[in-house]
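A short write-up of the structure that comes next.
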Amino acid sequence: MSRVTLVQWKMLAAVVDHGGFVRAAEAIHKSPSSINHAVHKLETQLGVQLLDTSGRQLRLTESGEMLLRRARQLLESADTLEAVADSLSGGLEAEIAIAIDQILGPETLCYALDRFSARYPHTRIQLHEAVLNGGIEMLLDNRVDLLICGLPVPGYLGELLGAIRFIAVAHPDHALHQLNRPLDLRDLRQHRQIVTRDSGLREQNDSGWLKAEQRWTVSHVATCLDILTRGLGFAWVSQPRVQPLLDSGQLKALPLQAGGIREVPLSLYINDVEGAGPAVQAMAEALRLEFRT
């Protein structure tokens with residue numbers, strides 16, 4: 001067991017911060033004699049002189065400075081621990097799990113997470129990046145508290161956040177761009193299409209595949225974009241993901257006669273609307289706000 005207590009360290013810190021025993025006593029609502037006794041007992045227990053009282057002004061010894069510096073870290077950790085305990089006793093979740101379809105742009109997600117963490121910095125977040133049915137299965141299996149995806153979820157009422165635009169793109173030097181004319185389905189089927197794999201295990205969807213002779217299937221949108229920028233195929237990619245590469249000229253929208261742009265409604269699903277705790281509700285609101293701005 002520790003020979004000293006946090007209260008003793010708090011009293012020593014008060015003496016140093018307020019420049020003496022009397023002012024410290026006024027600040028923390030203790031008597032000067034009790035603070036004096038606590039600090040001297042602390043020195044006796046540690047076997048180290050903490051305060052130098054030889055001069056006109058009270059100051060820490062070199063050993064006292066080092067020990068109090070470390071003690072302040074303990075005091076701060078203790079305050080944080082108590083704050084977390086208070087939050088948990090009030091129903092705050094220690095951890096929440098979220099599934100987000102990869103079509104959502106990283107900026108939107110990061111801004112929402114930052115907004116959430118400003119309110120609940122101690123709530124851990126498990127983030128799952130899903131594709132199509134992958135997030136739906138996690139919600140149905142009660143593995144996530146929140147889901148954002150572009151497909152309907154059986155048995156759930158989703159809250160429409162907005163529409164995500166998909167754009168057919170390829171590298172500017174890709175053979176499809178070299179045709180220099182409007183493109184149709186026959187043109188696309190002669191070239192390699194890059195498709196992001198449905199992350200669902202029980203049900204998989206080939207959404208967007210044109211039955212092209214050549215197809216590469218990847219697990220993440222980032223891999224798809226890397227392949228596209230190397231000129232190795234074409235794909236439909238959500239605008240939040242592909243816009244920076246369009247702006248930089250690394251990718252170029254395909255001049256399709258029809259279907260070059262698609263829109264997918266993106267919805268928010270809460271696993272247990274009535275039983276959702278404050279952290280789940282706050283995360284849902286943070287996501288809503290990012291779509292409004």
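Keep in mind that what you see is a predicted model, and the values were worked out from it rather than measured.
A heavy-atom distance below 4.5 Å is found between the side chains of Pro240 and Ile164. Using a 4.5 Å cut-off on side-chain heavy atoms (C-beta onward), Ile96 and Gln126 make no contact. With contacts defined as side-chain heavy-atom distances shorter than 4.5 Å, the pair Leu256/Ile261 does not qualify. Between Leu157 and Tyr269, every side-chain heavy-atom pair lies at or beyond the 4.5 Å cut-off. Inter-residue side-chain proximity for Gln73 and Leu75 is flagged as unmet; no heavy-atom pair is nearer than 4.5 Å. For the pair Leu109 and Leu127, the minimum side-chain heavy-atom distance is below 4.5 Å. The closest side-chain heavy-atom distance from Leu176 to Leu183 is below 4.5 Å.
Using cut-offs of 30° and 60° on the angle between ring planes, the pair Trp236 and Phe234 is perpendicular.
A salt bridge links Arg288 with Glu159: at least one charged nitrogen is closer than 4.0 Å to a carboxylate oxygen. Look at Arg23 and Glu26 and you find no salt bridge, because none of the NZ, NE, NH1 or NH2 atoms lies under 4.0 Å from a carboxylate O.
In this structure, CG on Leu12 lies 13.5 Å from NZ on Lys10, to the nearest 0.5 angstrom. Note that the CD atom of Gln178 and the CG atom of Asp173 stand 6.0 Å from one another [nearest 0.5 Å]. We find the CZ-NE2 distance between Arg192 and His174 to be 7.5 Å, quoted to the nearest 0.5 Å. Between Asp141 atom CG and Met138 atom CE the span is 8.5 Å, to the nearest 0.5 Å. Between atom CG of residue Leu245 and atom CD1 of residue Ile167 there is a gap of 11.0 Å, rounded to the nearest 0.5 Å. With rounding to the nearest 0.5 Å, the separation of NE2 in His191 from CG in Leu232 is 13.5 Å.
Judged purely by atom type and a 3.5 angstrom limit, His177 uses its side chain to pair as donor or acceptor with the backbone of Lys252. A donor-acceptor pair is defined here as one N or O able to donate and one able to accept, closer than 3.5 Å; no such pair exists between the side chain of Asp114 and the backbone of Ala112. Between the side chain of Ser248 and the backbone N or O of Pro244, at least one donor-acceptor pair lies under 3.5 Å. No donor-acceptor pair closer than 3.5 Å links the side chain of Asp226 to the backbone N or O of Thr229. In this structure, the side chain of Asn133 does not engage the main chain of Ile136 through any donor-acceptor pair within 3.5 Å. A donor-acceptor contact shorter than 3.5 Å is absent between the side chain of Gln102 and the backbone of Val131. In this structure a side-chain-to-backbone donor-acceptor pair under 3.5 Å is missing from Gln257 to Asp184. Between the Ser199 side chain and the Ala130 main chain, no donor and acceptor come within less than 3.5 Å of each other. With hydrogens and angles disregarded, a donor-acceptor distance shorter than 3.5 Å links the side chain of Ser238 to the backbone of Ile103. A donor-acceptor pair under 3.5 Å is absent between the side-chain atoms of Thr196 and the main chain of His220, judged by distance alone.
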(request) Walk me through it: do Ile270 and Tyr156 pass the test side chain to side chain contact (heavy atoms under 4.5 Å, CB included)? (result) CA-CA 8 Å; Ile270 301 178; Tyr156 284 82; over 6 Å; no

(request) Give the C-alpha distance, both sets of side-chain angles, the deciding distance and a yes or no for side chain to side chain contact (heavy atoms under 4.5 Å, CB included) between Leu147 and Ile98. (result) CA-CA 6 Å; Leu147 166 67; Ile98 312 166; over 6 Å; no

(request) Go through Leu60 and Asp52 one step at a time and tell me if the side chain to side chain contact (heavy atoms under 4.5 Å, CB included) criterion holds. (result) CA-CA 6 Å; Leu60 286 167; Asp52 183 357; over 6 Å; no

(message) side chain to side chain contact (heavy atoms under 4.5 Å, CB included) for Ile28 and His18? Distances and angles first, verdict last.
(response) CA-CA 10 Å; Ile28 64 175; His18 297 283; 5.5 Å; no

(request) Under the salt bridge (charged side-chain N to carboxylate O under 4.0 Å, His left out) rule, what do Arg72 and Asp17 come out as? Steps first, then yes or no, please. (result) CA-CA 12 Å; Arg72 287 187 190 277; Asp17 294 341; 2.7 Å; yes

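Taking hydrophobic clusters as Ile, Leu, Val, Met, Phe, Trp and Tyr residues chained together by side-chain heavy-atom distances below 4.5 Å, Leu254 does not share a cluster with Leu251. Val15 and Val7 fall within the same hydrophobic cluster, where Ile, Leu, Val, Met, Phe, Trp and Tyr residues are linked whenever their side-chain heavy atoms come under 4.5 Å apart, directly or through other members. The same ILVMFWY cluster, assembled from side-chain heavy atoms under 4.5 Å apart, contains both Trp216 and Val242. Using a 4.5 Å cut-off between side-chain heavy atoms of Ile, Leu, Val, Met, Phe, Trp and Tyr, with links allowed through other members, Val218 and Val195 fall into different hydrophobic clusters. Side-chain heavy atoms closer than 4.5 Å link hydrophobic residues (I, L, V, M, F, W, Y) into clusters, and following such links, possibly through other members, connects Ile35 to Val16.
What you find for Arg241 and Val237 is that their closest heavy atoms are CB-CG1, 3.9 Å. When all heavy atoms of His171 and Leu228 are compared, the closest pair comes out as CB-O, 3.6 Å. Closest of all the heavy-atom pairs between Arg143 and Ala97 is O-CB, 3.5 Å. Nearest approach of Leu266 to Gly150, heavy atoms of both residues: CD1-N, 3.8 Å. Of all heavy-atom pairs between Leu146 and Ala284, the closest is CD1-N, 3.9 Å. Of all non-hydrogen atoms in Ala282 and Tyr120, the two that sit nearest each other are CB-CE1, 3.3 Å.
Open room surrounds CZ on Arg186; 12 or fewer heavy atoms of other groups in view lie less than 6.0 Å from it. Annotation: Leu160, atom CG; neighbour count of heavy atoms from other residues, nucleotides and ligands within 6.0 Å is above 12. The neighbour count for Tyr111 OH, taken as heavy atoms of other residues, nucleotides or ligands under 6.0 Å away, does not exceed 12.
Under the 3.5 Å distance criterion, with hydrogens and angles disregarded, no donor-acceptor pair is assigned to the side chains of Thr61 and Ser63. Judged purely by distance below 3.5 Å, without hydrogens or angles, the side chains of Thr217 and Arg197 never pair a donor atom with an acceptor atom. Looking only at atom types and distance, the side chain of Asp145 has no donor-acceptor partner in the side chain of Asn271 under 3.5 Å away. Side chain to side chain, His40 and Asn36 meet the donor-acceptor criterion of an N or O pair below 3.5 Å. Side-chain N/O atoms of Gln45 and Gln8 include a donor and acceptor closer than 3.5 Å.
Residues satisfying the side-chain contact (heavy atoms from CB on, under 4.5 Å) test with Gln281, not counting sequence neighbours, are Ala276. Taking the side-chain contact (heavy atoms from CB on, under 4.5 Å) definition, one finds that Arg70 meets it with nothing, sequence neighbours left out.
Residue pairs meeting the salt bridge (charged side-chain N to carboxylate O under 4.0 Å, His left out) criterion with at least one partner in residues 115-125, sequence neighbours excluded, are Glu95-Arg124, Arg115-Glu290.
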